[in-house]
Amino acid sequence: EPPPISFDQQLLTAYRERFSGLLHLTLGDGERTITFLNGTPIVLRPGLTVLDFGDYLRHRGLISAEEYSYYITVGDHRHDTMVQLGCLDYPTLLEEKLSYLGNELIATFDRPLLAVRRQVVAVPAGLQVVTLNVPFLIYRGYHCHPPQAALRQFLAVNARRYAAFTPSYYRFINFLPLNDEEKRALVRLDGSRTLFAAFEGKESLFPLLQTLQIFDMLNYADQPLMPTKPINLPLRTLFNAVPAEVEAPEAEAPLEHFTDVVDQASGGELPVQPPSPPPGPEAVSEEEVLAGKVRKLSSELKGKNYYQVFGLTPANFSFEQLKERYFAITRQFGPDALMRLVGEEATLIQDLLATVANAYNTLSDVVKKERYDELLGSERVGLGHKGDDRFQAQVQSQSGKIFIEMEEWDNAEKALQDACNINPNNGDYLAHLAWAIFRNPQNAASRAMQEKARQMINRALTLERTPDGHTFKGWMLFEAGQENLAEGEFNKALKLDARQVLARKGLHQVLEKREQEKKGLFRRMFR
């Protein structure tokens, strides 16, 4: 039989279906039973990392061994026994109970399921229990145990597509207490940026992205799109909204006419729109005026590059200006204008909108823009932030890390090399470049390149001690057969970041290899 779906999907399905009953999970070390009430887990028996709730309190030093013995015998595992014994007051009991249940369920995210069985139990229709926040539980689970394979597959398909909110976004977003960085990322999901640009390639934002994805909170398209509004939802407040006066940049004056943009191919400020000529004796229809603008624009766009379409140059490029001018153009020459024109002008306006869309798609994508700058022969390749080389290095490093996740080692090596050329003393950039060189299949047979990667990771750690750097060095040592040294590096990485998944996998490999060696030794002894 095919293996059951992962635990996060099981939890999400029960939550959406408001399942009430028992969910029996068969794991590698035994069976666990989770009791659900209207889609929310309320009981786990037995525990995963501890025996039960009482054992959890005992490990934390909140109850004694004698009190735990009373809890599992006379108390019959009832949690209110802790209040009767005077160990915890009732508010603290509820807090600890939810903390125990949440932590144990999050630990299940990292365990492969061997079998799953449901047992439906009827409950009164109106019964509600205030217990775990399931969307937040899944969000925390992705922080602790990110599903790397699923995320890598998802990013390979959607990283370069535009993203905006769905109606489901407004159903679930208030359940997530996000940090400031994640709130700012939500502001950028306005349909005008690709997913990669909105999240800026930051790995710290990937748990949020995975949560948005699993709850169907985002729409994706190959062209810019508009976010949807709440449907039949009297929404009062978005708790994760960023105040406009803090997040929003200073707005420029709206563009009234597209010709105001294309006349500024050389850069500089937009000119003031000339006053309209006085009306002639015969009134001119709006359709004729629009047709004249389309014909004029068609001639003015001939020979223009993508920057000149928006009145920009590589030297003064600004993404905010690009976005505002793009939407100003599409508002003026949008579907309404297309429906009012016929004949030659209708064909011209379709061609113009296609040109504008292609220009926007190229300049709003980091990788495509860099390639376009190279085609133009521009002295400044990349985002074009004047004097901001550190920001350009950061973008290149983020691109390289995405390529590492996708296992595109050549692209990762190139992007990270660019970042190191700009900022050669950044230990994080250098560590990821060493890992890309070490993992690149083209360098596998080259002893010189492998040694270069090892020397580079040592230098990176002298510049900056990072969990990724220690993890990469640990794997290099492990594959060289130096398990003891590798274990030390993995432990250093986990001391800096206990959620470093690659380090945990490496440590597991070291321990597993030792167990196999012990078994081999015993077999030789008793043979």
Side-chain angles (χ1 to χ4, degrees), residues 3-4 6-8 25-32 44 46-52 55-56 58-60 100 102-115 140-152 203 206-207 401 404-405 407 431-432 434-436 438-439 441 444 450 453-454 457-458 460-461 465-527:
S6 58
F7 178 71
D8 60 327
L25 308 177
T26 302
L27 307 175
D29 57 349
E31 185 177 278
R32 306 296 191 281
L44 170 68
L48 196 71
T49 64
V50 292
L51 296 175
D52 48 38
D55 192 34
Y56 170 79
R58 184 167 61 89
H59 276 82
R60 299 191 59 206
Y100 156 73
N103 290 334
E104 292 295 280
L105 292 178
I106 286 173
T108 313
F109 276 61
D110 200 31
R111 299 289 188 93
L113 301 182
L114 303 180
R140 278 189 58 203
Y142 289 150
H143 270 282
C144 298
H145 308 289
Q148 297 288 352
L151 183 59
R152 186 162 50 244
E203 295 182 9
F206 286 170
K401 291 175 182 178
I404 286 178
E405 291 292 333
E407 298 185 359
H432 282 84
W435 185 242
F438 184 79
R439 278 296 182 216
Q450 296 289 302
R454 294 187 179 93
I457 197 69
N458 288 331
L461 289 172
R465 293 180 65 249
T466 63
D468 289 341
H470 285 295
T471 300
F472 299 153
K473 183 176 180 180
W475 276 101
M476 293 178 187
L477 292 169
F478 179 74
E479 295 191 8
Q482 298 174 294
E483 290 84 7
N484 292 333
L485 295 177
E487 182 182 7
E489 294 298 326
F490 292 140
N491 285 325
K492 291 177 184 177
L494 293 172
K495 187 175 181 180
L496 293 172
D497 181 6
R499 297 179 298 182
Q500 225 297 345
V501 177
L502 194 58
R504 294 177 59 202
K505 290 182 179 178
L507 194 59
H508 179 74
Q509 290 284 340
V510 171
L511 299 177
E512 189 177 66
K513 186 173 181 179
R514 286 178 181 169
E515 289 297 324
Q516 292 176 352
E517 290 175 351
K518 287 181 181 178
K519 292 178 181 178
L521 176 62
F522 287 140
R523 281 196 295 268
R524 290 194 297 270
M525 290 174 60
F526 290 100
R527 183 175 299 167

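One-based numbering along the sequence shown.
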Can you give the donor-acceptor pairs under 3.5 Å from side chains of residues 491-499 to other protein atoms, not counting sequence neighbours?
from, atom 1, to, atom 2, distance (Å)
N491, ND2, E487, O, 3.2
D497, OD1, R499, N, 3.0
R499, NH1, H143, ND1, 3.4

What pairs with [X] under salt bridge (Lys or Arg N to Asp or Glu O under 4.0 Å), at least two apart in sequence or on another chain?
| X | answer |
| --- | --- |
| D52 | none |
| R439 | E479 |
| R111 | D29 |
| R504 | D110 |

>> Checking Y100 now: which residues fulfil ring-ring contact (aromatic ring centres under 6.0 Å, His included) with it, not counting sequence neighbours?
In response: F53, Y56
Qualifying residues under side chain to side chain donor-acceptor pair (under 3.5 Å), relative to [X], sequence neighbours excluded:
| X | value |
| --- | --- |
| T26 | none |
| Q509 | none |
| H59 | D55 |
| Y142 | D8 |

Where [X] and [Y] come nearest, the two heavy atoms and their spacing:
| X | Y | result |
| --- | --- | --- |
| I404 | H432 | CD1-O, 3.8 Å |
| G469 | A431 | CA-CB, 3.9 Å |
| A453 | M476 | O-CE, 4.0 Å |

> Can you list every pair that meets ring pair (Phe, Tyr, Trp, His ring centres under 6.0 Å) and has a residue in residues 478-506, with sequence neighbours left out?
Replying inline: W475-F478, W475-F490
> Can you name the residues that form a side chain to side chain contact (heavy atoms under 4.5 Å, CB included) with L461, not counting sequence neighbours?
Replying inline: H470, K473, E489
To the nearest 0.5 angstrom, please state how far the [atom1] atom of [X] sits from the [atom2] atom of [Y].
| X | Y | atom1 | atom2 | value |
| --- | --- | --- | --- | --- |
| L113 | F7 | CG | CZ | 8.0 Å |
| L477 | I457 | CG | CD1 | 10.0 Å |
| L502 | L507 | CG | CG | 11.5 Å |

> Taking E104 for the side chain and L48 for the main chain, is one N or O donor matched with an acceptor at less than 3.5 Å?
Replying inline: yes
> Going through the checks in order, is the side chain to side chain contact (heavy atoms under 4.5 Å, CB included) test met by L27 and L114?
Replying inline: CA-CA 6 Å; L27 307 175; L114 303 180; 5.9 Å; no
